[in-house]
Amino acid sequence: MSDVSKRFSNGTLALSRMSLDIRPGEFVSLLGPSGCGKSTALRIIAGLGEPTAGTIDWPASRIDERGRPDAGIGFVFQEPTLMPWRTVFGNVHLPLRLKGVSKAAGRERIMEALTTVGLQDFAKAYPRELSGGMKMRVSIARALVTGSSLLLMDEPFGALDEITRQKLNDDVLALWAEKGLTVVFVTHSVFESAYLSSRIVVMGARPGRVVADLSLPDPSGRDESFRTTADYAELCRRVSAELAGAIHAPAALPEAAA
Ligand SMILES: Nc1ncnc2c1ncn2[C@@H]1O[C@H](COP(=O)(O)OP(=O)(O)OP(=O)(O)O)[C@@H](O)[C@H]1O
């Protein structure tokens, strides 16, 4: 994204000239205080909102006729947003259905996506029969079923208990490494971002903009045992210090705002 600004119709300036270049295969966390514009930035990348100024550019070799990434974008919201009247299978089928693919034709892909998130035995279950973590897994399967190579996740595990959240962190990390995905992950947790990311982009308080950009050691292959290492403690300390420095950085000058 280049020089992207967003002003909502009520006058709120959520983003001010935000520029960010995401490279294929990265696991990027957008980290910043509540209300700094992380979700707004993610939604604009996904095409779910229009910038007031600035552009979103995709590599020329990887766009379809509408100028969107040809390998598709999967979006995981803060809430699982499942349809309660549909089974797990039916919920994961939805993005395929929107592309005109029937359940029968999509069966293999749906079951593969469910297997990826460990829910192959729950295809016939309804959302009400699932735990919060399982619902979120369905939401991830739904985002991946069309073969998306870019996964945008908007604070997906914020409402889950700590144990479930850590398990899902491990699963998403494994998925990223195995499938060669590019992930952009919104969070306001230093610990979560330090655990998951190959890069952390720190956003400053409103209007949102990038105030720090940290490259971190390759996170692939981590599991539960990493959480108790001195390396992880040091990583968290470093990210925490950067975050503290960044959010106390001077605000954008008014003339820089759109
Ligand atoms: N549709 C909207 N209309 C008006 N203002 C909005 C709209 N959506 C978001 N905002 C405002 O824009 C700012 C950025 O919101 P956004 O949700 O992007 O922040 P965030 O960093 O993701 O916050 P959180 O971590 O709390 O989810 C906030 O002040 C919010 O109130």
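Order of appearance sets the numbers: ligands from 1, and atoms from 1 within every ligand.
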State, yes or no, whether a side-chain contact exists between K6 and F8 at a heavy-atom distance under 4.5 Å.
yes
Given the rule in the side chain to side chain contact (heavy atoms under 4.5 Å, CB included) test, do L130 and R137 qualify, once you have shown the distances and angles that lead to the verdict?
CA-CA 10 Å; L130 307 178; R137 285 172 196 276; over 6 Å; no
Taking E112 first and then R109, would you say they form a salt bridge - that is, a charged N and a carboxylate O separated by under 4.0 Å?
no
Working note: S197 + S29, criterion side-chain hydrogen bond (donor to acceptor under 3.5 Å, both in side chains); need CA distance, chi angles, decisive distance, verdict.
CA-CA 6 Å; S197 321; S29 284; 2.7 Å; yes
Which of the atoms of ligand 1 are close to H188, meaning less than 4.0 Å from one of its heavy atoms?
25 (O)
Where is the nearest protein heavy atom to atom 29 (O) of ligand 1: which residue, which atom, and how far?
R206 NH1, 2.9 Å
What residue and atom, counting heavy atoms only, is the protein's closest point to atom 25 (O) of ligand 1, and at what distance?
K38 NZ, 2.8 Å
Between ligand 1 and K6, can you find any atom pair, the residue atom being a heavy atom, that is separated by under 4.0 Å?
no
Using a strict cut-off of 4.0 Å, indicate which atoms of ligand 1 neighbour a heavy atom of T40.
14 (C), 15 (O), 16 (P), 18 (O)
Looking at atom 10 (N) of ligand 1, what's its closest protein heavy atom, distance included?
F8 CE1, 3.4 Å
Which residues share a side chain to side chain contact (heavy atoms under 4.5 Å, CB included) with F191, sequence neighbours left out:
S189, Y232, C236
Just wondering, do L31 and V201 contact through their side chains at under 4.5 Å, heavy atoms?
no
Output the list of atoms in ligand 1 that are nearer than 4.0 Å to some heavy atom of G37, sorted by atom number.
14 (C), 16 (P), 18 (O), 19 (O), 20 (P), 21 (O)
Looking at E155, which atoms of ligand 1 are within less than 4.0 Å of one of its heavy atoms?
25 (O)
Check against side-chain hydrogen bond (donor to acceptor under 3.5 Å, both in side chains), T81 and R142
CA-CA 11 Å; T81 61; R142 185 182 55 193; 3.0 Å; yes
So which of G35, A205, G49 gets nearest to atom 14 (C) of ligand 1, if we judge by its closest heavy atom?
G35
Do R222 and R227 come within less than 4.5 Å of each other through their side chains, counting heavy atoms only?
no
Looking only at protein heavy atoms, which one is nearest to atom 26 (O) of ligand 1, and what is the separation?
S34 OG, 2.6 Å
Atom 6 (C) of ligand 1 touched by protein heavy atom at under 4.0 Å:
yes
Show me which atoms of ligand 1 lie under 4.0 Å from any heavy atom of Q78.
27 (O)
For atom 31 (O) of ligand 1, state whether the nearest protein heavy atom is under 4.0 Å away.
no
Evaluate the side-chain proximity of F89 to N91: yes if any heavy-atom separation is below 4.5 Å, no if none is.
no
